[in-house]
Amino acid sequence: MSYATPPGWYPDTGTPGLERWWDGTAWTAHTRPSAAGPPASHQPPAPADHGPAQSGPGSPGRAQAAPAGFGPPSPPLPHQRGPHDGSGGGNRTKILAITLSGVLVLGTAVTGVILLGRDDGGTPAAPTTTTSAPAPVTTPAATATTSDEPDPDENPAVLVDQLNGVTVPVPEGWEKPRSSSSDVPTIRTVQSYDCPGGSSFCYHGTVTTHTARSAETDPKALAEADITTAADLAYEEDSLGRRNHGGITSHKVLKAEQLSVAGRVGYLVRWQVTTGKGPGGYVQSVAFPSSVGSGTPVIVRLVFDADVAELPLSLMDTITRGVRPLGDDGTSGGVGASISP
């Protein structure tokens, strides 16, 4: 169970008219104009000037450093406390005085009870048992959420990446895992299999969305640089250092071209890789500007194992064409039609 404020867009108290992305633990560099409508049901801790937020190790998809003025909320220092802030020297004195007064009042009451509790002959009266009302139970304001329970309002036919402002169609026979080793929005084929390298289990097809980590903004340069990373993680060595496919022995460029993605001009690079073990596969990187906030580039990676009849390259093209901006009216709020190989 977790009572933490969920990830989402919240008002930027430092810049009126903007919303900033809260990733569940820290503020990020992503901003966008405030959307018209009722305020968010959850309000994350107000940004405090405590320096840049730090990403956890091995946590892709988060901004590495938030802008000045944002960071994990922390209590004010003693010299910064106001008359109604947390505990300080003055409050401790007041609490001590109130406690002592309570003790004196209680002692006086007990004495009165003893004196008045005797009958006319001086014999103490039988004690009277009283039952106090149980103290009220305080429930947390945030709604408890369990990561393993799916959202009943969530459409299984679409993957939503709120941070990057895009949706990706989910093919038939694929799933949206509640968690994955990459810790980024992911869809994959349902059935896993023993990797050719024998060190773990693999999936025949995966699609992930990422925020570009480089200062580069040109989609072509980003896609050409990312394809190597995508291929290495899929078939050379994964994030845990496992060579699940025996490493890459060679690769061939199948496609490199400009295209329109989610209404933006992007660039696509597709490789075919040959591996030391197993049939190898196909890797694709697509880079394009986000349609939200400052337009930080988005990268969509697609990985298909070779020699899998259910994963033709035409499905890779279909998924790429199905990427939509979040809230696109043409797909009823970003939800695309279900697709099949």
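Remark: L268 CG to L254 CG distance equals 10.5 Å, nearest 0.5 Å. A distance of 10.5 Å separates OG1 in T186 from CD in E175, rounded to the nearest 0.5 Å. Annotation: the span from R188 atom CZ to L159 atom CG amounts to 12.0 Å, rounded to 0.5 Å. The CD atom of Q162 sits 11.5 Å away from atom OG1 of T167, with the distance rounded to the nearest 0.5 Å. In this structure, R32 CZ and S291 OG are separated by 10.0 Å, a value rounded to the nearest 0.5 Å. With rounding to the nearest 0.5 angstrom, the CH2 atom of W27 is 7.0 Å from the CG atom of D12.
By the 4.5 Å side-chain criterion applied to Ile, Leu, Val, Met, Phe, Trp and Tyr, Y193 is assigned to no cluster and stands alone. Chaining together hydrophobic side chains whose heavy atoms lie under 4.5 Å apart places Y203 alongside F201.
In this structure the side chain of V190 never reaches within 4.5 angstrom of the side chain of W174, judged on heavy atoms. Residues L326 and V160 meet the side-chain proximity criterion, which asks for heavy atoms closer than 4.5 Å. Side-chain contact check for E236 versus R243: some heavy-atom pair is nearer than 4.5 Å. In this structure, P171 and I187 have side chains that are in contact, with non-hydrogen atoms separated by less than 4.5 Å.
Taking H251 as the reference, nothing meets the side-chain hydrogen bond (donor to acceptor under 3.5 Å, both in side chains) condition, with sequence neighbours excluded. P279 is linked by a side chain to side chain contact (heavy atoms under 4.5 Å, CB included) to A306, D307, counting only residues two or more places apart in sequence or in another chain. Among residues two or more places apart in sequence or in another chain, the side chain to side chain contact (heavy atoms under 4.5 Å, CB included) test is passed with V292 by W9, S290. Residues that satisfy the side-chain hydrogen bond (donor to acceptor under 3.5 Å, both in side chains) test with S285, not counting sequence neighbours, are D226. Here T209 pairs with D161 under the side-chain hydrogen bond (donor to acceptor under 3.5 Å, both in side chains) rule; sequence neighbours left out. For A231, the side chain to side chain contact (heavy atoms under 4.5 Å, CB included) partners two or more places apart in sequence, or in a different chain, are I248, W271, V273, V283. By the side-chain hydrogen bond (donor to acceptor under 3.5 Å, both in side chains) test, T296 pairs with S294, sequence neighbours left out.
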- prompt: Are L311 and T189 close enough, and set up right, to give a side-chain contact (heavy atoms from CB on, under 4.5 Å), and what steps lead you there?
  reply: CA-CA 10 Å; L311 298 177; T189 48; 4.2 Å; yes
field: Verdict with reasoning, D238 to L233, per side-chain contact (heavy atoms from CB on, under 4.5 Å)
entry: CA-CA 4 Å; D238 67 11; L233 287 173; 5.5 Å; no
- prompt: Going through the checks in order, is the side-chain contact (heavy atoms from CB on, under 4.5 Å) test met by T5 and Y10?
  reply: CA-CA 11 Å; T5 302; Y10 297 96; 3.4 Å; yes
task: Apply side chain to side chain donor-acceptor pair (under 3.5 Å) to N164 and T211, showing your working.
output: CA-CA 7 Å; N164 291 304; T211 302; 2.8 Å; yes
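Between the side chain of T28 and the backbone N or O of W21, at least one donor-acceptor pair lies under 3.5 Å. Not one N or O on the side chain of R213 forms a donor-acceptor pair closer than 3.5 Å with the backbone of H210. With hydrogens and angles disregarded, no donor-acceptor distance shorter than 3.5 Å links the side chain of T31 to the backbone of E19.
The two residues P219 and P289 come nearest to each other via the heavy atoms CG-CD, 4.4 Å. The two residues G266 and Q258 make their nearest non-hydrogen contact at O-CG, 3.3 Å. Nearest approach of V261 to L259, heavy atoms of both residues: CG2-CG, 3.6 Å. Of all heavy-atom pairs between K176 and V158, the closest is NZ-O, 2.7 Å. E310 and L315 make their closest contact through O-CD2, 3.9 Å (heavy atoms, listed as atom of the first residue, atom of the second, distance). The heavy-atom pair separating A262 from F288 by the smallest distance is CB-CE1, 4.1 Å.
Contacts classified as disulfide bond (SG atoms under 2.5 Å apart) and involving residues 201-272 (residues at least two apart or in different chains) are given here: C195-C202. Applying the side-chain hydrogen bond (donor to acceptor under 3.5 Å, both in side chains) test to every pair with at least one member in residues 214-225, sequence neighbours left out, gives no pairs at all. Applying the ring-ring contact (aromatic ring centres under 6.0 Å, His included) definition to pairs two or more places apart or across chains, those involving residues 223-248 are Y235-H245.
Residues F304 and I227 do not share a hydrophobic cluster, defined by chaining ILVMFWY side chains whose heavy atoms lie under 4.5 Å apart. Hydrophobic clustering places V170 together with V323 (ILVMFWY residues linked when any side-chain heavy atoms are closer than 4.5 Å, directly or through intermediates). Hydrophobic clustering places V308 together with M316 (ILVMFWY residues linked when any side-chain heavy atoms are closer than 4.5 Å, directly or through intermediates). No continuous path of ILVMFWY side-chain contacts below 4.5 Å connects L302 to I299, so the two sit in separate hydrophobic clusters.
Paired with V300 under the rule side-chain contact (heavy atoms from CB on, under 4.5 Å), one option of I319, V166, V207 passes, and it is V207.
No donor-acceptor contact under 3.5 angstrom links the side chains of T208 and R301, judged on distance only. Side-chain contact of Q284 with T320: a donor-acceptor pair under 3.5 Å is present, judged by distance alone.
Ionic pairing of D317 and R270 is present here: one or more N-O contacts between side-chain nitrogen and carboxylate oxygen are shorter than 4.0 angstrom. A salt bridge does not link E237 with R242: every distance from a Lys NZ or Arg NE/NH1/NH2 to an Asp or Glu carboxylate oxygen is 4.0 Å or more.
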